[in-house]
There are 2 protein chains.
Amino acid sequence: MNSDWLESFLIFSDTLNFTRAAERLHISQPALHVKITKLSEFIGKPLYQKSGRNLQLTAEGLQLQAFARDQSEQTNNMLKKLRSGTNSEEVCLSAGEGTFLYLLGKSVPVFKKRSSAKLRARTGNQSKVISDVLSGTAHIGITPMETSHESLISSPYTRVGQIVVMPTTHPLASKRKLKIEYLQGQSLIVPPEDKPHRILINRLLMSAQIDWQVAVEVNGWELMLHFAKQGMGLAIVNEYCKVPKGLTARALPEFPSIQFQLIKRRFGSTRPAIAELEEILFSHKESWKNEHRQR
Amino acid sequence: MNSDWLESFLIFSDTLNFTRAAERLHISQPALHVKITKLSEFIGKPLYQKSGRNLQLTAEGLQLQAFARDQSEQTNNMLKKLRSGTNSEEVCLSAGEGTFLYLLGKSVPVFKKRSSAKLRARTGNQSKVISDVLSGTAHIGITPMETSHESLISSPYTRVGQIVVMPTTHPLASKRKLKIEYLQGQSLIVPPEDKPHRILINRLLMSAQIDWQVAVEVNGWELMLHFAKQGMGLAIVNEYCKVPKGLTARALPEFPSIQFQLIKRRFGSTRPAIAELEEILFSHKESWKNEHRQR
DNA sequence: CACTATTACGTGAGCCGTAAAAATC
DNA sequence: GATTTTTACGGCTCACGTAATAGTG
């Protein structure tokens with residue numbers, strides 16, 4: 001296996017465009033094409049296919065992409081180590097913004113202190129986290145996931161319920177737990193129509209035949225809490241959110257809790273630094289529950 | 001980094017002889033020499049040095065050797081997987097014969113059942129186990145070790161004491177524990193002069209000013225027990241040995257117990273199958289103690 | 001028609017083997 | 001002086017770029 005082929009394929013697989021990949025590699029477009037063709041012939045399987053005007057990776061192409069990234073990473077680390085004597089690796093963790101803010105608060109600084117490796121963080125929604133891990137861009141991902149994926153190893157991380165946040169003076173604040181029906185007629189602070197959290201709210205309130213109004217449409221827990229504080233309405237948010245002073249949170253047991261998974265690539269090899277990050281993450285699995293809810 | 005260079009260096013590093021390595025690679029000797037030279041120039045450090053008539057790897061050469069073996073392994077696995085769709089990896093475990101026979105009895109079959117990877121076993125004395133792990137030939141080693149090694153991660157595995165084995169009818173069999181002085185005047189079944197176990201026996205009995213005779217000089221716990229059964233004398237063996245019927249074992253607390261370590265390469269990346277083997281080994285750490293001593 | 005993938009082909013850098021020199025016991 | 005490493009050099013392969021062709025919305 002020619003490592004030059006792999007290097008080229010890695011760049012190509014990230015853009016799926018021969019013209020631009022060739023530019024990045026400082027070779028001509030046909031030269032790159034020939035390389036990918038030879039690599040494909042050597043392996044014996046097609047690595048990409050046409051999808052109309054665009055190209056997309058086959059299953060084999062996806063696996064090879066992650067493998068090529070691993071190899072390239074390992075080679076660069078080894079080269080630096082041999083040349084300079086120092087060991088400077090990177091570990092990449094992909095997760096949602098809220099996950100970083102509230103679930104992983106403790107883990108990141110602990111890793112920084114304990115490990116010599118640099119931590120790179122990537123944020124994105126569920127599908128981005130998954131594709132980050134599958135493509136090898138991220139070594140570890142933390143995201144809500146229901147179905148399991150063949151090429152991923154997922155380990156249960158933590159389970160997060162839903163809460164309703166409202167001004168402490170709000171009549172519903174006197175209840176300990178809220179039934180869905182209490183939301184009848186309320187104004188809710190919700191994410192935009194296409195976000196999964198909004199879809200969930202729509203579906204559940206719809207099937208419980210609750211009438212409600214949109215108070216504001218905003219994106220992100222922080223903003224939702226901000227508007228709740230301004231008295232715009234009730235916000236249904238993840239249990240992990242830190243609730244600002246003046247607001248009260250009440251559990252909403254009928255809403256489904258969200259199972260977060262720690263995912264990594266099956267068949268991906270794990271460097272010690274990656275294993276360390278994983279271990280730290282696991283040991284702080286439930287630490288978000290000890291954070292002060294009020295701030 | 002040209003992977004062809006690495007492949008060649010891997011073969012060369014195993015023989016440290018250009019002539020024979022070139023034969024194995026089916027290229028001419030000068031061609032191989034040029035490759036290694038270019039690799040060395042690319043990295044910027046010498047990879048080997050002359051030691052009289054022979055060559056030996058530098059520190060960088062050693063690291064590169066293990067790295068090259070990892071890469072080659074991973075590439076082969078990935079190729080097979082892409083071509084055939086099946087995943088056929090190997091994991092290599094290096095340890096002493098006695099270790100395999102008595103300490104790891106349970107772990108090996110458990111791994112065979114639980115993992116799809118093939119297990120390759122290598123046997124050798126302490127220094128062979130260590131060099132196996134350092135060179136990447138073995139992924140995991142289990143061996144007695146006192147001092148720690150910079151390029152190895154060693155985790156305490158189990159601690160094994162020493163026992164004296166004798167015919168049940170022997171006068172010393174009536175004692176529960178044996179003091180060293182009880183060995184005064186006895187005939188002992190011992191390993192040859194150069195073996196570490198023999199050296200230990202010599203030193204301890206010498207400093208306790210005990211007189212004793214060599215009954216037989218044999219190599220290996222099995223043979224020592226065999227001759228003990230034939231009444232040739234007393235055998236001082238590791239506590240883990242299974243004692244045949246008709247023989248009695250008595251603890252020898254004054255003899256130092258041996259600390260076994262599980263070792264792996266620092267900075268080596270760990271495939272899932274390797275992690276699984278490690279986990280199984282650890283979960284059976286002390287299981288040798290539950291084996292029946294008599295058989 | 002604009003854009004990109006794919007094929008064809010002549011040229012040059014680099015690898016290989018042969019041959020010769022140097023080193024080491 | 002026998003064995004092995006190291007250097008030198010001519011031939012040849014193969015990877016590259018240029019140019020031309022095919023496919024697609």
Side-chain angles (χ1 to χ4, degrees), chain A residues 1-62 64-65 68 71-72 75 79 135, chain B residues 1-62 64-65 68 71-72 75 79 135:
Chain A
M1 167 94 74
N2 191 334
S3 69
D4 180 40
W5 293 344
L6 266 192
E7 197 72 30
S8 299
F9 177 72
L10 180 57
I11 303 293
F12 164 69
S13 69
D14 278 339
T15 66
L16 286 175
N17 177 315
F18 280 102
T19 311
R20 258 156 287 166
E23 281 168 12
R24 282 179 56 186
L25 287 164
H26 307 290
I27 61 176
S28 73
Q29 186 202 51
L32 175 59
H33 189 266
V34 170
K35 274 186 190 177
I36 305 294
T37 306
K38 292 208 170 165
L39 176 59
S40 178
E41 280 168 4
F42 177 73
I43 291 180
K45 305 261 176 179
L47 299 174
Y48 65 95
Q49 59 199 19
K50 287 189 155 176
S51 153
R53 188 193 202 84
N54 300 322
L55 308 180
Q56 62 180 9
L57 294 181
T58 60
E60 287 83 6
L62 271 169
L64 194 66
Q65 178 191 32
Q71 291 267 68
S72 158
T75 304
L79 263 181
S135 73
Chain B
M1 166 94 73
N2 191 334
S3 68
D4 180 40
W5 292 345
L6 266 192
E7 196 72 30
S8 299
F9 177 71
L10 180 57
I11 303 293
F12 164 69
S13 70
D14 277 340
T15 67
L16 286 175
N17 177 315
F18 281 102
T19 311
R20 257 157 288 166
E23 281 169 12
R24 281 179 55 187
L25 287 164
H26 306 291
I27 60 176
S28 73
Q29 186 202 50
L32 174 60
H33 189 265
V34 170
K35 274 186 189 175
I36 305 294
T37 306
K38 292 209 168 163
L39 176 59
S40 177
E41 280 168 3
F42 176 73
I43 290 181
K45 304 261 175 177
L47 299 173
Y48 64 95
Q49 60 198 16
K50 287 189 154 179
S51 154
R53 188 194 203 83
N54 299 323
L55 308 180
Q56 60 179 12
L57 294 181
T58 61
E60 287 83 5
L62 270 169
L64 195 66
Q65 178 191 33
Q71 292 267 67
S72 157
T75 305
L79 263 181
S135 72

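Letters A, B, ... are given to chains in the order of the sequence lines, protein chains preceding strands, and every chain is numbered from 1. Atoms considered below: every heavy atom in the structure, side chains included; atoms not considered: hydrogens, waters and symmetry mates.
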What do the steps show when you test A:F12 against A:L47 for side-chain contact (heavy atoms from CB on, under 4.5 Å), and what is the final call? CA-CA 11 Å; A:F12 164 69; A:L47 299 174; over 6 Å; no
Distance below 4.0 Å between B:H33 side-chain N/O and D:dT5 OP1 or OP2: no
Distance below 4.0 Å between A:R53 side-chain N/O and C:dA2 OP1 or OP2: no
So, does B:K38 get its side chain near the phosphate of C:dG14, meaning an N or O under 4.0 Å from OP1 or OP2? no
Please state how far atom CD in A:E41 lies from atom P in C:dT6, giving the value in whole angstrom units. 12 Å
Select base, sugar-phosphate, or nothing to describe what A:F12 touches, counting heavy atoms under 4.0 Å on all strands. nothing
Provide, to the nearest angstrom, the distance between the CG atom belonging to B:N17 and the C1' atom belonging to C:dC25. 15 Å
Measure the distance from CG on B:L55 to P on C:dA23 and round it to the nearest whole Å. 15 Å
Between A:D4 (CG) and C:dC15 (C1'), how many Å, whole number? 15 Å
Please determine, for the side chain of B:S28, which listed nucleotide (D:dT5, C:dT18, C:dT6) has the closest atom? C:dT18
Phosphate-side-chain proximity, A:Q29 and C:dA5, N/O vs OP1/OP2 below 4.0 Å: yes
Spacing between B:E23 atom CD and D:dT4 atom C1', to the nearest angstrom: 12 Å
Output the single nucleotide from C:dG17, D:dG17, C:dA5 whose closest atom is nearest the side chain of A:K50. C:dA5
A:Y48 side-chain N/O to C:dT4 phosphate OP1/OP2 under 4.0 Å: no
Which whole-number value in Å describes the distance from A:L32 CG to C:dT4 C1'? 13 Å
Distance check: side-chain N/O of B:T19 vs OP1/OP2 of D:dT3, anything under 4.0 Å? no
Residue met sooner reading DNA chain D from 5', once B:F18 and A:P30 are mapped to nucleotides: B:F18
Report yes or no: does A:S13 contribute a side-chain atom to a donor-acceptor pair with the main-chain N or O of A:L57 at less than 3.5 Å? no
From CG of A:L39 across to P of D:dC14 the rounded distance in Å is 17 Å
Once you round it to whole Å, what is the distance between C1' of D:dA15 and CG of B:N2? 13 Å
Strictly distance-based, threshold 3.5 Å: is any side-chain N or O of A:T58 a donor or acceptor partner for the main-chain N or O of A:P46? yes
Quick one: does A:S72's side chain have a donor or acceptor within less than 3.5 Å of a partner on A:A68's backbone? no
If you look at every heavy atom in B:T15 and B:R24, which pair is closest and at what distance? CG2-NH1, 3.7 Å
